[in-house]
Amino acid sequence: MTANAIIDINDLNLYYGDFHALKNVSMDIPEKAITAFIGPSGCGKSTLLRTFNRMNDMIAGTRIDGTVAIAGTDIYSNEVDVETLRKRVGMVFQQPNPFPKSIYDNIAYGPRLHGVTDRRRLDEIVETSLRSAALWEEVKDHLKRSALSISGGQQQRLCIARALAVEPDILLMDEATSALDPISTLKIEELAQELKDRYTIVMVTHNMHQAARVSQQTVFFLNGEVVEYAETERLFSNPTDQRTEDYISGRFG
Amino acid sequence: MAKSYDRLEGKPHLTEEWVGKAYTFVCIMFLVITISSMVYFVASKGLSTFLVNGVNVGDLLTGLKWNPEADIPLFGALPFIFGSFSTSILAAIIAAPLGFCAAVFMVEIAPKFGRKYMQPVIELLAGIPSVVYGFVGLSVIVPFFRDTFPGQGIGIAAGAVVLAVMILPTITTIATDALAALPAGLKEGSYALGSTRYQTISRIVLPTTLPAQMTGIVLGIARAFGEALAVQMVIGNAPHIPHSLFESTSTLTSAITLSMGNTSMGSVHNNALWSLALILMLMTFVFVFIIRMLERRSKL
Ligand SMILES: Nc1ncnc2c1ncn2[C@@H]1O[C@H](COP(=O)(O)OP(=O)(O)O)[C@@H](O)[C@H]1O
Ligand SMILES: [Mg+2]
């Protein structure tokens, strides 16, 4: 299962000030597949996810030891350029957060940051990204409209397209469907299925059924620790740890 | 009567409610009456220059010579209007970038230090009396300009610098509020795409908060436009349009404060000063209107 690992986490501990949020986490996340993080609220799922693109750097008082390596490079070493890392590791958030700009400018934002200025090249990127996010048909006739004018589900797919526009290898999704209605949720799950052939996806979800439906591997967290990590089918049908079984059978959380 | 008294006795909060309503109503009426009588007073005085004394409105607004006590009195207020606009707008041009950068520093770069030390200092700046600003301007800025640039040091540049410092708290405070109100998700979204802090500030933070920033700037201009004492101390008070930023000139407010005591109520000169006050008041209405428009825009 770890033959083609792209993210390699070793003895990772993370502290928010005095609070020990991640405890001795070690795991390998395989390439071009969907890995789901499940567990009760506050158990550290987002915290771990945000170490992969170093979004935790911005929280004052965060301390970390252990290593997180992506494609063989320790991303917390001094040589790593955070902006380049984030270009390779895209992120979609719980609340859709399109910029108050046009649909076009939202998608072109990332490429422009990284120096793409050619209009035709940008047009191309906007179209492919929107197609990849299964949004092109719905918005192609009004790319100049404000991104805030489309529905929440469309906004979230726009955010996925925006992340894809800088050509990442990894896509992190932090409860990306929890603010959406069931139909929009289904669309994003289908989209994730399509994208996993080209991207490594790590998704945090509070919804076990979603994890069971879309992921190939599932990690179960509790109080900052990894309790169990297995192929999704195995974890849900035959958990080895009593706490996993309690959680997936709905006895707590 | 007895019946309604019983009803109120059973429910004392109804009495309280009524008293509260009556009290707020009286306060509001007092405000409305004060404001409308002031507007009426300034307007009737200011307009009588044209209606009673027969001065031409166009001559007052565009005339270049102000000499109300001459044998053939001249009421050209354009130098004052020009002086008021140029000092306040230049002040805003100086203060706006400073205020924005200070706000960015306090919100984005060093929030702890900002909230603990900078915010109180800026609030303190807002509380300093304008005579102190004028005094500092007169003893520090004017000599500096006199030594550095051709001219006497007094004038639009000195007035604008003094005003810039005076309106900096307004602009900074509003900019800080605007930055703090920006949804955190927007900035995160930008950083997550690999943007640097500078890129996020210039491409997301500044454009998104622009209407609110503009509100602060217009509010600053309005304050500068109405400031009298500090400007008067450093501007020189010569009633003509200057050829440089370092040459004596005057503003609407300083023209009023300097001459008001020397004129008798009802004289043409006195009425003409009221006309200047009327211009000031109308400009304030315009500023308030612009701010309202901006606020509506920033809510969208
Ligand atoms: N910025 C922060 N400062 C301090 N504690 C935090 C911060 N962010 C999260 N935490 C704490 O870390 C723990 C894990 O949070 P999080 O990773 O967001 O959980 P999850 O995503 O699993 O709900 C929680 O107990 C939370 O209170
Ligand atoms: Mg979370």
Side-chain angles (χ1 to χ4, degrees), chain A residues 46 49-50 52-61 81-102 105-115 129 146-149 155-156 158-168 170-174 179, chain B residues 100 103-119 174-217 293-300:
Chain A
S46 302
L49 197 73
R50 293 162 66 93
F52 302 159
N53 62 348
R54 292 186 48 177
M55 287 297 273
N56 290 323
D57 288 16
M58 284 182 289
I59 300 168
D81 175 55
V82 184
E83 282 79 38
T84 314
L85 169 72
R86 291 186 186 143
K87 183 172 177 293
R88 294 191 49 197
V89 184
M91 187 166 221
V92 180
F93 299 83
Q94 180 169 359
Q95 284 295 331
N97 59 351
F99 303 131
K101 300 173 184 289
S102 71
D105 287 339
N106 263 272
I107 311 292
Y109 184 82
R112 280 175 177 148
L113 286 180
H114 300 290
S129 310
S146 164
L148 304 179
S149 69
Q155 286 184 8
Q156 197 60 301
L158 180 74
C159 291
I160 294 174
R162 186 174 74 184
L164 298 181
V166 293
E167 301 176 338
I170 301 171
L171 192 59
L172 309 174
M173 301 172 81
D174 193 349
Chain B
F100 179 72
V104 166
F105 183 81
M106 286 197 295
V107 178
E108 303 283 335
I109 296 175
K112 269 200 194 133
F113 175 82
R115 219 168 301 133
K116 214 164 159 194
Y117 301 103
M118 280 186 71
Q119 191 85 40
I174 290 181
T176 306
D177 291 348
L179 295 189
L182 193 71
L186 286 184
K187 280 181 275 171
E188 277 198 320
S190 174
Y191 287 126
L193 288 165
S195 106
T196 61
R197 189 139 74 175
Y198 175 76
Q199 286 171 326
T200 298
I201 290 169
S202 64
R203 300 181 191 207
I204 299 292
V205 174
L206 184 56
T208 311
T209 59
L210 197 61
Q213 308 283 353
M214 287 304 297
T215 306
I217 293 170
M293 298 274 290
L294 286 168
E295 274 174 352
R296 197 167 317 152
R297 271 245 323 263
S298 62
K299 275 199 196 89
L300 293 182

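Just so you know, these numbers use all the heavy atoms, side chains as well, and skip hydrogens, waters and symmetry mates. Naming: A, B, ... by sequence-line order, numbering from 1 per chain.
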Segment of [X] engaging chain B (4.5 angstrom heavy-atom cut-off):
| X | value |
| --- | --- |
| A:P98 | backbone |
| A:V92 | neither |
| A:F99 | both |
| A:R88 | neither |

TODO: Let me know if B:R203 has heavy atoms under 4.5 Å from chain A in its side chain, its backbone, both or neither.
DONE: both
Open item on the list: Testing the basics here: between A:N53 and B:A192, what is the closest heavy-atom pair and its distance to 0.1 Å?
Closed with: ND2-CB, 4.5 Å
Open item on the list: If you compare all heavy atoms of B:L193 against all heavy atoms of A:H114, which two are closest, and at what distance to 0.1 Å?
Closed with: O-NE2, 2.8 Å
Open item on the list: Tell me which of these, A:R162, A:M55, A:K87, has more heavy-atom pairs under 4.5 Å with chain B than the rest.
Closed with: A:M55
Task: Best-contacting candidate, A:G90, A:G110, A:A165, A:P100, against chain B by heavy atom pairs under 4.5 angstrom - done: A:P100
- [ ] Please check if atom CD in A:E167 has more than 12 non-hydrogen atoms from other residues, nucleotides or ligands closer than 6.0 Å.
- [x] no
Open item on the list: I need the full list of side-chain hydrogen bond (donor to acceptor under 3.5 Å, both in side chains) pairs touching residues 180-191 of chain B, with sequence neighbours left out, sorted by first then second residue.
Closed with: A:R50-B:E188, A:Y109-B:S190, B:E108-B:K187, B:S190-B:S195, B:S190-B:T200
Task: Atom pair CZ (B:R197) and CE (A:M58), whose distance is rounded to the nearest 0.5 Å - done: 9.5 Å
- [ ] Tell me, please, which residues at least two apart from B:Y117 pass side-chain contact (heavy atoms from CB on, under 4.5 Å).
- [x] B:F113
